[in-house]
Amino acid sequence: EKGGFDWFMRKEIFEQPQAIADTLLGRYNNRGELVLDEMRSISQEDLRRVNKIVIVACGTAYYAGMVAKYAIEHWTRVPCEVEVASEFRYRDPIIDPLTLCVTISQSGETADTLMAIRHARVQGAKVIAICNTNGATIPRESDAVIYTHAGPEIGVASTKGFLTQVAACYLLGLYLAQVRGMKYADEIRAVTDELGRTPQMIQQLLDNAQQVYDLARDLSSINDFIFLGRHVGYPVALEGALKLKEIAYQHAEGFAAGELKHGPIAIIEPGMPVFVIVPPQGRDQLHDKVVSNIQEVRARGARTIVLVEEDDADVEAYSNVIIRLPRVSTLLQPLVAAVPLQLFACELATLLGHDVDQPRNLAKSVTVE
Ligand code: M6R
C-alpha cells in the first residue's frame, strides 16, 4: 500500500504533483473564470461586503494560512489576519458579520480549530473551510468549503496536505479578487497559468531528490538547524523546521530573515546548518536583502544551504550547498520551496532510524483541545 516507498510520508511527498493537479482540477469555467462550487450559504454579495479576513488553523495548516495572508491581502486589499486556532478565541477577537473566517485543516477534526470556528460563527462571521477530508466535522460546521484533493494523508507529518492547502488558499484569494472586482486582472490570469504549471515544477524537484538525500547523510550527526525565509519564504522556513522537529526529533528553528539581526544571529556557530529560502530575483529588494543575510551567517561560520531559483548566480560565493528551484513568481514559491525541506526531514529521520510515519508523542489528528 506504500506503493514501493519505505514510508507513507515519502510516498505522499512524491504524490504532490498529482495532488496539486487534482486540487486545481475543475475550478475554472470555459471563460477562464474561477468557479468554487461549494460556497453553499456564502453568496457573492457576502464576499463583496467582507471587510476583514481571519484565518485560523494549527501547525502546518497555520503555516499555509501565513502564506495565504500574503497572497490574499495582495490580490484583494482586504485586511487579513492569521492566528493559531488555540489562541484565537481566548483573546476575545474582534469578529462581526462582515468578517470572513477561513479555516484550514487537513483532517477536518482538529479540536482547537473546530472551537475557533464555532466561536467565529457565534459572533456572526461566515466560515469557509479548506479541508482534505470529505464530510469531516469542520467542513460540516462551516458555511462553505474548498476541498483539497490530496487523497488520504497517512503520515503524521503533513506534506501533500500542506501543498494542497497552499494551492487552495491561492484559489480562494483569486476567487475573492474576481468577485470583488479584478483590480489585478492581468496578474491574476498570469498566476492562474503559473499555478497550472506547478505540478511539473514539483516533479522536477522530486527528480532531484538524491541531492537532498546526500545532504541529509552529510548532516546526520548535527542536532541544531536554522531555517530562514522572508515574505512567503518565512512560513516555509517555519514549516521546514517543524518537519525536522516532528520526525527527526532535532532542534530546528525558523526565523524571518530580517529578524536575524534582532537576536537570533547570536546563536550561529561555526558549522551550524542554516537553510535559506531566497526570493526570486527582481521583486522589490527582497532578494538582495536575503542574499545579505546569507553573507552575514556565512561570515559567522554557518554552513549555508541555499534554496534559490535556477539561474540566480548571486548566492554562489556564499553557499555551501545550492538547491535549485524552478523559476516561479514570489507568491507561488512556497509550492516549490517546501518540497526539498520535506525530503530532507524524511531522509534525515530515516537515517536516524525513527518511525517516520508515526513519530513519538504525536497523533495524526489532534481531537482534544
Ligand atoms: O488536520 P489539521 O490540518 O487540522 O492538523 C493541524 C496540525 O495538527 C497538523 O498540521 C500538524 O502540525 C502536523 N503534524 C504537521 O506536520
Problem set entry | Mutual orientation of the aromatic rings belonging to Phe227 and Phe275 [parallel < 30°, tilted 30-60°, perpendicular > 60°] | parallel

For this session: Flag the pair Glu81 and Lys52 as a salt bridge only when some basic side-chain nitrogen lies within less than 4.0 angstrom of an acidic carboxylate oxygen.
Result: yes

Exercise. Are the side chain of Thr23 and the backbone N or O of His149 linked by a donor-acceptor pair below 3.5 Å?
Worked result: yes

Exercise. Got a donor-acceptor contact below 3.5 angstrom from the Arg91 side chain to the Glu87 backbone?
Worked result: no

Exercise. Do Ile226 and Tyr234 sit in the same hydrophobic cluster, where Ile, Leu, Val, Met, Phe, Trp and Tyr count as joined when their side-chain heavy atoms come under 4.5 Å apart?
Worked result: no

Exercise. Is it the case that Arg10 places NZ or CZ above or below the six-membered ring of Tyr213, under 6.0 angstrom from the centre and within 45 degrees of the axis?
Worked result: yes

Exercise. Can we say Glu73 and Arg77 salt-bridge, meaning some charged N sits less than 4.0 Å from an Asp/Glu carboxylate O?
Worked result: no

For this session: Could you tell me if the ring centre of Phe14 sits under 6.0 Å from that of Phe5?
Result: yes

Exercise. Within the side chain of Gln211, is there an N or O that forms a donor-acceptor pair under 3.5 Å with the backbone of Ile322?
Worked result: yes

For this session: Say whether, by atom type as modelled, one donor and one acceptor occur between the side chain of Asn132 and the main chain of Gly151 under 3.5 angstrom.
Result: yes

For this session: Give me the one residue out of Glu12, Glu15, Gln342 that meets side chain to side chain donor-acceptor pair (under 3.5 Å) with Lys160.
Result: Glu15

Exercise. So, for Val82 and Met66, which heavy atoms are closest and what is the spacing to 0.1 Å?
Worked result: CG2-N, 3.9 Å

Exercise. With no hydrogens and no angle check, is any side-chain donor or acceptor of Arg180 less than 3.5 Å from a backbone partner on Val50?
Worked result: yes

For this session: Compare every heavy atom of Val328 with every heavy atom of Val336, then report the nearest pair and how far apart it is.
Result: CG2-CG1, 3.9 Å

Problem set entry | Asp112 side-chain N/O to Ala85 backbone N/O, donor-acceptor pair under 3.5 Å | no

For this session: Would you check, one step at a time, whether the test side-chain contact (heavy atoms from CB on, under 4.5 Å) holds for Thr60 with Glu239?
Result: CA-CA 6 Å; Thr60 286; Glu239 170 64 2; 2.8 Å; yes

For this session: Answer yes or no: is there a side-chain heavy-atom contact under 4.5 Å between Ile128 and Cys101?
Result: no

Exercise. Does some side-chain heavy atom of Thr304 sit less than 4.5 Å from a side-chain heavy atom of Val321?
Worked result: no

Exercise. Which atom names give the shortest non-hydrogen contact between His231 and Thr330, and what distance separates them?
Worked result: ND1-CG2, 3.5 Å

Problem set entry | Donor-acceptor under 3.5 Å (Gln16 side chain, Val339 main chain) | no

Exercise. Between Thr350 and Val356, is there a donor-acceptor pair closer than 3.5 Å when you use the side chain of the first and the backbone of the second?
Worked result: no

Problem set entry | Exercise: identify the closest heavy-atom pair between Arg89 and Met115 | NE-CB, 3.5 Å

Exercise. Just by modelled atom types, is the Thr159 backbone N or O under 3.5 Å from a matching donor or acceptor in the Glu153 side chain?
Worked result: yes

Exercise. Do the side chains of Ile138 and Cys131 get nearer than 4.5 Å, heavy atoms only?
Worked result: no

Problem set entry | Val308-Ile202 co-clustered via ILVMFWY side chain contacts under 4.5 Å | no

Problem set entry | Glu316 and Arg324 ion-paired at < 4.0 Å | yes

Exercise. Are Val102 and Trp75 joined in one hydrophobic group, where the rule is that I, L, V, M, F, W and Y side chains link up if heavy atoms are under 4.5 Å apart?
Worked result: yes

Exercise. Is Lys11 salt-bridged to Glu1, going by a charged N under 4.0 Å from an acidic O?
Worked result: no

Exercise. Just checking, any donor-acceptor pair under 3.5 angstrom between side chains of Asp224 and His251?
Worked result: yes

Seminar exercise, completed: Between Leu348 and Ser220 the two heavy atoms that sit nearest each other are CD1-CA, 3.6 Å

Exercise. Should the pair Asp311-Arg327 be classified as a salt bridge under the 4.0 Å nitrogen-to-oxygen rule?
Worked result: yes

Exercise. Where does the angle between the aromatic ring planes of Phe225 and Phe344 fall among parallel (under 30°), tilted (30 to 60°) and perpendicular (over 60°)?
Worked result: perpendicular

Seminar exercise, completed: For Ala167 and Leu335 the tightest heavy-atom approach is N-CD2, 4.3 Å

Exercise. Thinking salt bridges, do Glu296 and Arg300 make one under a 4.0 Å N-O criterion?
Worked result: no

Problem set entry | Donor-acceptor contact below 3.5 Å, side chain Ser107 vs main chain Ser365 | no

For this session: Establish, from distance only, whether the side-chain atoms of Gln44 and Gln178 form a donor-acceptor pair under 3.5 Å.
Result: no

